[in-house]
Number of protein chains: 2
Amino acid sequence: MTEMRDMPGHLARRFQQIAVAVFLAEVEAAGFDLTPVQYAALAAIAANPALDQITLAGLIAYDRTTITGVIDRLAQKNLVIRRAGVRDRRSRELLITEEGRRTLDAITPAVEAAQRLMVRGLTKVEANELIRLMQKAIAAGNELSRAPLREDAGTQRQ
Amino acid sequence: MTEMRDMPGHLARRFQQIAVAVFLAEVEAAGFDLTPVQYAALAAIAANPALDQITLAGLIAYDRTTITGVIDRLAQKNLVIRRAGVRDRRSRELLITEEGRRTLDAITPAVEAAQRLMVRGLTKVEANELIRLMQKAIAAGNELSRAPLREDAGTQRQ
DNA sequence: TACTGATGATCAGCATACTGATCAATAAGG
DNA sequence: CCTTATTGATCAGTATGCTGATCATCAGTA
């Protein structure tokens, strides 16, 4: 493990670097301007109406302080609306707009193409194995980052 | 692939997120203050005296504009020296300091412990397979990011 | 040699990520 | 009901990473 090229940490950084580049290239080629992070947030908001930001952070494993800026940019693009919470006035409820939903639908093929491109050097069997192993390693390390994944916990926090 | 949890892009981001957190925790526990990126740069500079920044960027697959700031911080910590190039006055030659070398030697056990922690949910065989598959996917996608890996090309350019 | 193109480094600007702090609002306890 | 602890969101500050531009210098050629 003395060599950088055998270190999981280096490989993780490099694979993510390529994954982001591929994502942005595919999305731009499809005529859109959305980052991977913005896409994940938009998809989660679409699937969970009136989501608050902390729950969103848990669903997609973002740091809570990162969410603020991401939502700022999605709102500025008119893809989501952020409004004051009803039950809890500290919280913000997130809703996808019509334009947000149209964008999400239209962009999905590009996103899926990007996923395939990221592993284009692997056979289908190898790609599935890579996915399985990453999932397993991530599950074991979930609590080690400041932004762990939090499963849905019902439909929403009550 | 409709589900985020099966998307290589999401898994790449998540695995890298955990890898960085583990690295920082181990390094801090060992009494040091170095990021993964700074560590990789320091190790490359130690192994390649009088490296210029573009070659360094290729060796560790960083964007060239990122290198400037990373070297700024390493120099501020007195771990490396950046001096004007002799053959080419546009370039900067990078050299590790005595303190840099001591730090590198002292920090290596923590870095290696971090590499093992990142894959602690996997068997040894699985960890090796994950490394192999990431290497293969990365090799196929090397040219897709702005900062591809450039092999050593001899000891140094020209 | 003078011109043209390429190259090394840096910069401004933007978007993640994180640390730690603050502030308003809520929840829990006595 | 009132005090205390907790929680949702945001902010300031720092460090990657990238895009595209600029500037100085170098290399190749007419």
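Residue numbering restarts at 1 for every chain, and letters A, B, ... go by the order of the sequence lines. Worth saying up front: this structure is predicted, and the values here are computed from it rather than measured.
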| query | The side chain of B:Ser91 lies closest to which of these nucleotides: C:dC18, C:dA9, D:dA9? | reply | C:dA9

| field | Verify same cluster id: B:Leu149, B:Ile54 (apolar side-chain graph, 4.5 Å) | value | no

| Closest to side chain of B:Arg146, choosing from C:dG20, C:dA15, D:dG20 | D:dG20

| query | Using a cut-off of less than 4.0 Å, is there contact between a side-chain N or O of B:Gln17 and OP1 or OP2 of C:dC18? | reply | yes

| message | Looking at D:dA30, which nucleotide sits across from it as a Watson-Crick or G-U wobble partner, both distances under 3.5 angstrom, or is there none? | response | C:dT1

| Test item: A:Gln53 side-chain N/O and A:Ile71 main-chain N/O as donor-acceptor pair under 3.5 Å | no

| message | Students often get this wrong, so: under 4.0 angstrom with heavy atoms, is B:Ala147 touching a base, only sugar-phosphate, or nothing? | response | sugar-phosphate

| Interatomic distance where CZ belongs to B:Arg87 and C1' belongs to D:dA24 [whole Å] | 18 Å

| request: Give the rounded distance in Å between these two atoms: CD of A:Gln53 and C1' of D:dT7. | output: 13 Å

| query | With sugar-phosphate meaning primed atoms plus P, OP1 and OP2, does A:Asp88 contact a base, only sugar-phosphate, or nothing at under 4.0 Å between heavy atoms? | reply | sugar-phosphate

| request: Report yes or no: do A:Val37 and B:Met4 belong to one cluster of Ile/Leu/Val/Met/Phe/Trp/Tyr joined by side chain heavy-atom distances under 4.5 Å? | output: yes

| task | Map B:Lys77 and B:Arg64 onto DNA chain D by nearest heavy atom, then report which one ends up closer to the 5' terminus. | result | B:Lys77

| note | Rounded to whole Å, the CD-C1' distance (A:Glu93 to C:dA25) equals 15 Å

| task | Taking only the side-chain nitrogens and oxygens of A:Gln16, find out if one of them lies under 4.0 Å from OP1 or OP2 of D:dT16. | result | no

| task | Starting at atom CG of B:Asp63, determine the distance to atom C1' of C:dC11, rounded to an integer number of angstrom. | result | 13 Å

| Flag, side chain of B:Ser145 to backbone of A:Ala21, donor-acceptor distance under 3.5 Å | no

| task | Return yes if the base of D:dT25 and the side-chain atoms of B:Arg89 contain a donor-acceptor N/O pair under 3.5 Å, otherwise no. | result | no

| request: Take the protein atom CD of B:Gln38 and the nucleotide atom P of D:dG17, then report the distance between them rounded to whole Å. | output: 11 Å

| query | Is the closest side-chain donor-acceptor distance between B:Arg13 and B:Gln16 under 3.5 Å? | reply | no

| So, B:Glu143 and B:Arg150, do they make that salt bridge, N to O below 4.0 Å? | yes

| Do the side-chain N or O atoms of B:Arg13 get closer than 4.0 angstrom to the phosphate oxygens (OP1, OP2) of C:dA17? | yes

| query | Has B:Arg92 got a side-chain N or O lying under 4.0 Å from the OP1 or OP2 atom of C:dT10? | reply | yes

| request: Would you kindly compare B:Arg82 and A:Val37 by the position of their nearest DNA chain C nucleotide and give the one closer to the 5′ end? | output: B:Arg82

| message | Rounding to an integer number of Å, can you tell me how far A:Arg90 CZ sits from D:dG8 P? | response | 6 Å

| So which one's nearest nucleotide on DNA chain D is more toward 5', B:Val86 or B:Ser145? | B:Ser145

| query | Can you check the A:Leu94 CG to D:dA9 C1' distance for me, whole Å? | reply | 11 Å

| note | When rounded to whole Å, the CG to P distance for the pair B:Leu51 and C:dG8 reads 12 Å

| request: For DNA chain D, determine which residues of residues 65-76 of chain A have any heavy atom closer than 4.0 angstrom to one of its atoms, and list them numerically. | output: A:Thr65, A:Thr68

| query | Can a salt bridge be assigned to the pair B:Arg102 and B:Glu99 using a cut-off of 4.0 Å between side-chain N and carboxylate O? | reply | no

| task | Check whether any side-chain N or O of A:Arg101 sits under 3.5 Å from a backbone N or O of A:Ile96 as a donor-acceptor pair, and report yes or no. | result | no

